[in-house]
Number of protein chains: 2
Amino acid sequence: MPMAGDRLYALLERLGNLLRTEERAAGLPHGLQPVHLQALRYLQSCNRYSNTPAALTEYLGLTKGTVSQTLLLLEEKGLLRKQADTEDRRVIHLLLTEAGRAVLTQALPPELFKRALTELPGEGAALEEALTGLLRSLQAANAQRSFGACGTCKLFQREGPGRFRCGLTQEPLSREDSQLLCREHEVIPPGH
Amino acid sequence: MPMAGDRLYALLERLGNLLRTEERAAGLPHGLQPVHLQALRYLQSCNRYSNTPAALTEYLGLTKGTVSQTLLLLEEKGLLRKQADTEDRRVIHLLLTEAGRAVLTQALPPELFKRALTELPGEGAALEEALTGLLRSLQAANAQRSFGACGTCKLFQREGPGRFRCGLTQEPLSREDSQLLCREHEVIPPGH
DNA sequence: GCATTTAGTATCGAGTCGATACCAGTCGAT
DNA sequence: ATCGACTGGTATCGACTCGATACTAAATGC
């Protein structure tokens with residue numbers, strides 16, 4: 001007698017497999033593996049504090065050695081370039097090149113996925129919310145960072161229309177900044 | 001400007017990665033890879049027509065050569081045994097051994113996942129339905145089989161309380177049969 | 001009977017991934 | 001100011017996945 005959780009687990013696993021298969025196919029023309037596309041996509045949507053190998057490692061949930069290899073390949077293909085940090089000389093920033101951005105817009109998100117989404121009954125908002133909750137629970141259980149958008153962070157401060165500030169670094173933030181993923185993101189606790 | 005579909009895509013991808021990581025950890029003590037656990041789980045929940053290498057290949061979305069290797073390893077570890085079909089001597093049936101079942105009950109579903117699920121606001125039923133719809137769309141777009149439970153098939157016939165029949169093979173089905181996954185499963189079209 | 005299709009296996013190479021070890025830079029404590 | 005602990009990143013190695021290709025054997029269709 002399968003419990004309810006088992007079905008949901010199987011469902012998520014199957015969806016994950018399908019997405020991986022699609023990513024594999026999407027990356028094939030460029031000689032890229034699923035994990036390469038994921039790395040590029042992260043670098044496209046993270047803020048300037050979170051575009052380092054260490055942050056990417058946490059995001060992907062892999063070891064730093066593995067990620068280092070991935071980055072080597074992406075650099076060889078000319079899809080990103082490395083830039084040393086001026087403050088901390090151990091840190092390296094990863095910047096997408098034009099070629100890298102071109103690959104992304106061409107390969108992701110898969111066309112099939114977008115089409116399937118339009119046929120979904122009802123708005124995707126509720127689905128998105130439920131999945132976000134599940135992801136947050138799993139991340140908390142694994143002591144993982146949440147990597148949410150800056151504007152949804154506990155430390156995000158509104159100072160006026162279009163004027164924001166990060167409570168951690170005290171830096172001012174633009175509206176574009178507020179939509180980028182941040183490594184230091186902290187979920188706002190449920191009790192508002 | 002990220003569209004709504006992009007966020008959902010990223011969400012599913014991240015959840016998939018997390019589940020893979022957990023499966024990796026769960027299989028490690030047994031020397032098993034994520035795909036091995038997935039194979040065992042499928043064989044546990046499929047019906048007697050669908051426990052063949054070919055069916056598993058379609059379910060996992062891999063090539064038959066790859067799956068053949070996976071099965072070789074599982075057989076060496078004594079987690080499943082192969083049984084030749086009596087009708088068609090090309091086909092082989094895959095049966096879990098006691099050891100195989102033991103691994104499954106021990107390793108899956110991950111404890112962390114179950115706990116995270118209990119904290120989900122509202123029932124998981126709606127979430128399950130939405131994800132099933134999405135999965136069906138993607139499967140249809142990829143010309144993939146649905147692998148649904150027998151009792152949800154277009155060809156499933158009810159003949160009385162607890163008495164069912166398969167419209168394809170014309171065989172009688174028990175209540176337990178009706179809950180198993182079938183390779184020949186066909187989704188009931190939306191218009192009821 | 002002969003060609004075609006289907007189920008499954010064998011082998012090879014590219015590439016992921018974790019483990020381990022290592023180097024360089026930062027930070028803190030005395 | 002030097003020592004030690006820690007952090008960011010790289011290098012190397014082995015186990016394993018996965019697709020591609022080629023192959024055998026059995027069923028099927030004409």
Side-chain angles (χ1 to χ4, degrees), chain A residues 16-18 20-39 49-77 80-94 145 183-184, chain B residues 16-18 20-39 49-77 80-94 145 183-184:
Chain A
N17 281 351
L18 246 171
R20 279 180 64 84
T21 301
E22 299 229 6
E23 270 189 350
R24 198 177 288 278
L28 194 61
H30 307 96
L32 296 177
Q33 237 58 32
V35 72
H36 299 145
L37 290 175
Q38 291 179 27
Y49 300 120
S50 312
N51 59 354
T52 69
L56 180 59
T57 296
E58 292 172 354
Y59 180 84
L60 294 176
L62 304 175
T63 60
K64 55 182 183 175
T66 298
V67 171
S68 184
Q69 287 303 102
T70 296
L71 294 174
L72 212 58
L73 184 144
L74 290 176
E75 194 182 12
E76 279 172 7
K77 284 190 182 290
L80 61 80
R81 65 174 216 273
K82 298 178 178 175
Q83 189 178 51
D85 189 293
T86 53
E87 311 260 324
D88 187 334
R89 285 172 36 218
R90 296 170 305 178
V91 174
I92 286 182
H93 292 277
L94 306 165
R145 295 176 188 270
R183 181 188 186 183
E184 309 290 348
Chain B
N17 282 352
L18 246 171
R20 280 180 65 84
T21 301
E22 298 229 5
E23 270 189 349
R24 197 177 288 277
L28 194 62
H30 307 96
L32 296 177
Q33 239 53 34
V35 72
H36 299 145
L37 290 175
Q38 291 180 27
Y49 300 120
S50 312
N51 59 355
T52 68
L56 180 59
T57 296
E58 291 173 354
Y59 179 84
L60 294 176
L62 304 175
T63 61
K64 56 183 182 176
T66 298
V67 171
S68 185
Q69 286 303 99
T70 296
L71 294 174
L72 213 59
L73 184 145
L74 290 176
E75 193 183 12
E76 278 172 7
K77 284 190 181 292
L80 62 80
R81 64 174 216 274
K82 298 179 178 175
Q83 190 179 51
D85 189 292
T86 53
E87 310 259 324
D88 188 333
R89 287 177 30 222
R90 294 171 306 178
V91 341
I92 285 182
H93 292 278
L94 306 164
R145 294 176 189 269
R183 181 188 185 182
E184 309 290 346

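Chain letters run A, B, ... following the sequence lines, proteins first, then strands; residues in each count from 1.
- In this structure, A:His36 and A:His30 have side chains that are not in contact, with every pair of non-hydrogen atoms separated by 4.5 Å or more.
- Looking at residues 50-62 of chain A, you'll see A:Leu62 sit with a heavy atom under 4.0 Å from some atom of DNA chain C.
- In terms of the side-chain contact (heavy atoms from CB on, under 4.5 Å) criterion, residue partners of B:Thr66 (sequence neighbours excluded) are, by chain and number, B:Leu62, B:Thr63.
- Within a heavy-atom distance below 4.0 Å of DNA chain D, the residues of residues 66-77 of chain B found are B:Thr66.
- Taking B:Asp88 as the reference, B:Arg90 meet the salt bridge (Lys or Arg N to Asp or Glu O under 4.0 Å) condition, with sequence neighbours excluded.
- In terms of phosphate contacts, B:Lys82 brings a side-chain nitrogen or oxygen within less than 4.0 Å of OP1 or OP2 of C:dT9.
- Qualifying side-chain contact (heavy atoms from CB on, under 4.5 Å) partners for A:Lys77, counting only residues two or more places apart in sequence or in other chains: A:Leu32, A:Leu73, A:Leu79.
- In this structure B:Arg24 satisfies the side-chain contact (heavy atoms from CB on, under 4.5 Å) test together with B:Arg20, B:Gln33, B:Pro34, sequence neighbours excluded.
- Taking the side-chain contact (heavy atoms from CB on, under 4.5 Å) definition, one finds that A:Thr57 meets it with A:Lys64, A:Val67, sequence neighbours left out.
- In this structure, A:Ser68 has no side chain to side chain donor-acceptor pair (under 3.5 Å) partners at least two apart in sequence or on a different chain.
- Applying the salt bridge (Lys or Arg N to Asp or Glu O under 4.0 Å) test to pairs two or more places apart or on separate chains, none has a residue in residues 25-34 of chain A.
- Bounding nucleotides for the chain B contact on DNA chain D, 5' to 3', at a heavy-atom distance below 4.0 Å, are D:dC16 to D:dA27.
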Polar-atom pairs under 3.5 Å, protein N or O versus N or O of nucleotides 24-27 of chain C: list them with distances, or write none.
unit_1	atom_1	unit_2	atom_2	d
C:dG25	OP1	A:Arg89	NH2	3.4
C:dG25	N2	A:Arg90	NH1	2.8
C:dT26	OP1	A:Arg89	N	3.2

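- Taking the side chain as every heavy atom from C-beta outward, A:Leu60 and A:Val35 approach each other to under 4.5 Å.
- For A:Glu58, the salt bridge (Lys or Arg N to Asp or Glu O under 4.0 Å) partners are A:Arg145, A:Arg183, not counting sequence neighbours.
- At a threshold of 4.0 angstrom between heavy atoms, the contacts of A:His36 are confined to the sugar-phosphate backbone, with no base atom among them.
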